[in-house]
Structures are given as structure tokens and as C-alpha cells.
Engineer: 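Have a look at this one.
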Amino acid sequence: MKIATFNVNGITSRLQRLLEWLDESQPDIACLQELKTSDATFPLQAIEAAGYGAVWHGQKGFNGVAVLARGAQPVEIRRGLPGDPDDTHSRYLEAQVHGLTVASIYLPNGNPQPGPKFDYKLAWFERLIQHAAALCEAREPVVLVGDYNVVPSNEVGDIYSPKSWLDDALLQPESRDAWRRLLAQGWTDAIATLHPGVPMYTFWDYFRNRWSRNAGLRIDHLLLNAAAAKQLASAGIDREVRGRDKPSDHAPAWVVLK
DNA sequence: ATGCCTGTCTGGGACAGA
């Protein structure tokens, strides 16, 4: 069972990159973020033609998350996190498919900080922590994947160099503290567990030659509860996707469960 | 040192992203 996460940065302009990656990587489940399109304009036909069923939560111009499943129709469990009825952002979609529960997460970026966007990020994180507690305790496998917009540490496995990012919302102690408290519920960070100490970046800014210099950040994560972690076989990053024509600024990350 | 690129909505320039 291969589960992947991919921030596509606009599914409309990224559709060919997405389809070729699905064909190559053959994930059983693919969670997408930053669709940047409305529910009505989600390219369902092309995704079904590629052999995938889908549920999605779109938003015109911004945000947007989806869960794709190869040869299956995901069953939607929840769209949006509980705890704030005024939150209009499409950032959380939870579904059951292929015998497990999976969530596609697009955690707020939070820049600039300090400020209201950073406050929103931290508040959203607290709502995720609240909601994730019961999922972590589930006896069935649960996988929370997506763009968490947190660089977990300043180590080279997580960032090429923290120097120019020290004031960024992705590295702030508050962001990292929330990340640590989420993991402390009992989640396994699949990439960090299987590839400690080596660069496992998932994002490279479009400018400043960040891709050609491999000046990347590890911000897309795959978290497994105990039942899922028992099945953990391998994990990786499809880096080559970032080097193609008209790429997303993120590369897909994936985990295989036995 | 700096959104320096890129996508979206829109129809040129603003906003958002990380």
C-alpha cells in the first residue's frame, strides 16, 4: 500500500505533471494540496481516466485538498477541522479507502510573523492537534499526510541552511512546538524515521536557484499512528518531479505500508 | 537584502505562496 502526498500548486496548470507522476509512481492513495480551484472545476474526468477515484474540497484561487485512490472511491469522513465554524479555508479532508483512514492536510503557511496569519496558523495547528488525538489512538491504521508548513529542525535533513529562514513562520519555535506536541501523541514521522540525518527535502523555492543548489526544505510530512507504523516498509521523495518543465515548487513524498 | 518566481483571477496588477 503506497500512500503519497503532493502539493501541486494549482491542479489546473499542473495536470499533466500530476497525471504523469501518478502513472510512474502508482500510488494507491494520493493526497493533494493547493488545488487552487473550485469544487466545480476540479478535473475529475482526467483523474478518473487515469484510474483514480477522488474526493476533494476546493476553493477558488487558493488552498484546496483532495484524496485520490487507485481503483477505488474514497469515502469522505470529514471536510474541515472542527473548532471554528468561521474558518472558510479548504485545508483538511479526511477519507476512508483501501482499509485505512487518511487525511490530506494543508496547514497554513503563517507568514508574515508575527501577525494575524501566524496567529491563524497556530490556532489551526491547535485544532489539528485536538482532532488528531482520537485518530492516533485508533486501532485501525491512520495516516495524516500533507504540507504541514513546518521545518521540524535546523538539521541538514530538514533544511539546507536555516540562515535566511530564521524569521520565517516555518521555523518559529511556536510552529515547532506545535509539531512536537502533535508527534508526542504517538505519531511516527515516516520520512525522518527511515532516513535520519540525510536531506529529505520536499520544497524548493522557484527563485534564487534553490532547486539547482538543492536549497530545499522538508515541510511535507507523512504521519502514521501505531497501527500504521507497524506496517511501515519504506518511504521516499520523488525528487525528479521537481526538476521537470513547469513543476510545482513541491515534490511528492510517499510511504509504503506492508 | 530582496517574493528575485509562479499561479490565479482577470483582463494589469494585486495577492498569495514559503
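A, B, ... follow the sequence lines: proteins, then strands. Residue 1 opens every chain.
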Engineer: By ring-ring contact (aromatic ring centres under 6.0 Å, His included), which residues pair with Phe118(A), not counting sequence neighbours?
Structural biologist: none

Engineer: Among residues 8-21 of chain A, which residues get a heavy atom nearer than 4.0 Å to DNA chain B?
Structural biologist: Asn9(A), Gly10(A), Thr12(A), Ser13(A), Arg14(A)

Engineer: Does Lys117(A) make a side-chain N or O approach to OP1 or OP2 of dG17(B) shorter than 4.0 Å?
Structural biologist: yes

Engineer: Hey, can you tell me if Trp179(A) and Tyr148(A) have their rings parallel, tilted or perpendicular (30° and 60° cut-offs)?
Structural biologist: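 It falls in the perpendicular class, over 60°.
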
Engineer: In whole Å, I'd like the distance from the CZ atom of Arg244(A) to the C1' atom of dT6(B).
Structural biologist: 19 Å

Engineer: Heavy atoms only, 4.0 Å cut-off, all strands: where does Asp249(A) land among base, sugar-phosphate and nothing?
Structural biologist: nothing

Engineer: Consider side chain to side chain contact (heavy atoms under 4.5 Å, CB included). Of Asp28(A), Leu19(A), Leu22(A), which one does Tyr52(A) pass it with?
Structural biologist: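 Single pass found, and it is Leu22(A).
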
Engineer: Looking just at side-chain N and O atoms, do Tyr120(A) and Asp87(A) make a donor-acceptor pair shorter than 3.5 Å?
Structural biologist: yes

Engineer: Going by an N to O cut-off under 4.0 Å, is there a salt bridge joining Glu24(A) and Arg244(A)?
Structural biologist: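 Salt bridge between Glu24(A) and Arg244(A), a charged N being under 4.0 Å from a carboxylate O: yes.
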
Engineer: Take Thr37(A) and Asn111(A), find for each the nucleotide of DNA chain B with the closest heavy atom, and name the residue whose nucleotide sits nearer the 5' end.
Structural biologist: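 Final value for this comparison: Thr37(A).
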
Engineer: Please report the distance, rounded to the nearest Å, between NZ in Lys36(A) and P in dA16(B).
Structural biologist: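 Value for this atom pair: 11 Å.
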
Engineer: Using whole Å, what does the distance between atom C1' of nucleotide dG17(B) and atom CG of Asn149(A) come to?
Structural biologist: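 Asn149(A) atom CG is separated from dG17(B) atom C1' by 9 Å.
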
Engineer: Whole Å only: how far is the CG atom of Asp168(A) from the P atom of dG3(B)?
Structural biologist: 11 Å

Engineer: Among the nucleotides dC9(B), dG7(B), dG3(B), which one has an atom lying closest to any side-chain atom of Lys60(A)?
Structural biologist: dC9(B)

Engineer: Tell me what Asn7(A) touches on the nucleic acid: a base, only sugar-phosphate, or nothing, going by heavy atoms under 4.0 Å.
Structural biologist: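 Here Asn7(A) touches the backbone only, sparing every base.
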
Engineer: Paired with dG13(B): which nucleotide, if any, by Watson-Crick or G-U wobble criteria at under 3.5 Å for both distances?
Structural biologist: dC9(B)

Engineer: What contact category does Tyr148(A) fall into here, base, sugar-phosphate, or nothing, at under 4.0 angstrom with non-hydrogen atoms?
Structural biologist: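 Touches nothing.
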
Engineer: Can you tell me the distance, in whole Å, between the CG atom of Asp167(A) and the P atom of dA1(B)?
Structural biologist: 11 Å

Engineer: Lys121(A) near the nucleic acid: base, sugar-phosphate alone, or nothing, with a heavy-atom cut-off under 4.0 Å?
Structural biologist: nothing

Engineer: Classify Arg91(A) by what it touches in the nucleic acid, base, sugar-phosphate, or nothing, heavy-atom distance under 4.0 Å.
Structural biologist: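 Here Arg91(A) touches the backbone only, sparing every base.
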
Engineer: I need the minimum non-hydrogen distance between Gln33(A) and Asn7(A), along with the two atoms involved.
Structural biologist: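 In this case the closest contact between Gln33(A) and Asn7(A) is OE1-N, 3.4 Å.
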
Engineer: Answer yes if the side chains of Thr202(A) and Asp220(A) hold a donor-acceptor pair under 3.5 Å, and no otherwise.
Structural biologist: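 Result is yes, a qualifying pair exists.
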
Engineer: Tell me the interatomic distance from Asn63(A), atom CG, to dC9(B), atom P, rounded to whole angstroms.
Structural biologist: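 After rounding, the gap between these two atoms is 12 Å.
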
Engineer: Measure from OH on Tyr206(A) to C1' on dG7(B) and round the result to the nearest Å.
Structural biologist: 8 Å

Engineer: Checking all strands, does His250(A) fall into the base, sugar-phosphate, or nothing category for heavy-atom contacts under 4.0 angstrom?
Structural biologist: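 Sugar-phosphate: the residue His250(A), judged by heavy atoms under 4.0 Å, touches backbone atoms but no base.
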
Engineer: Can you tell me how far P of dG7(B) sits from CD of Glu34(A), to the nearest Å?
Structural biologist: 11 Å

Engineer: Take atom P in dG3(B) and the same atom in dC15(B), then report the distance between them in whole Å.
Structural biologist: 15 Å

Engineer: With a cut-off of less than 4.0 Å, is there a side-chain N or O of Lys246(A) near OP1 or OP2 of dG7(B)?
Structural biologist: yes

Engineer: Roughly how many Å apart are dA1(B) and dA14(B), using the P atom of each and rounding to a whole number?
Structural biologist: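 Looking at atom P only, dA14(B) and dA1(B) are 27 Å apart.
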
Engineer: Name the closest nucleotide to the Asp205(A) side chain, picking from dT8(B), dG3(B), dC9(B).
Structural biologist: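 For the Asp205(A) side chain, the nearest candidate turns out to be dG3(B).
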
Engineer: Do Asp158(A) and Ser153(A) pair up side chain to side chain, a donor and an acceptor below 3.5 Å, judged on atom types alone?
Structural biologist: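 Per modelled atom types, Asp158(A) and Ser153(A) side chains form a pair under 3.5 Å.
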
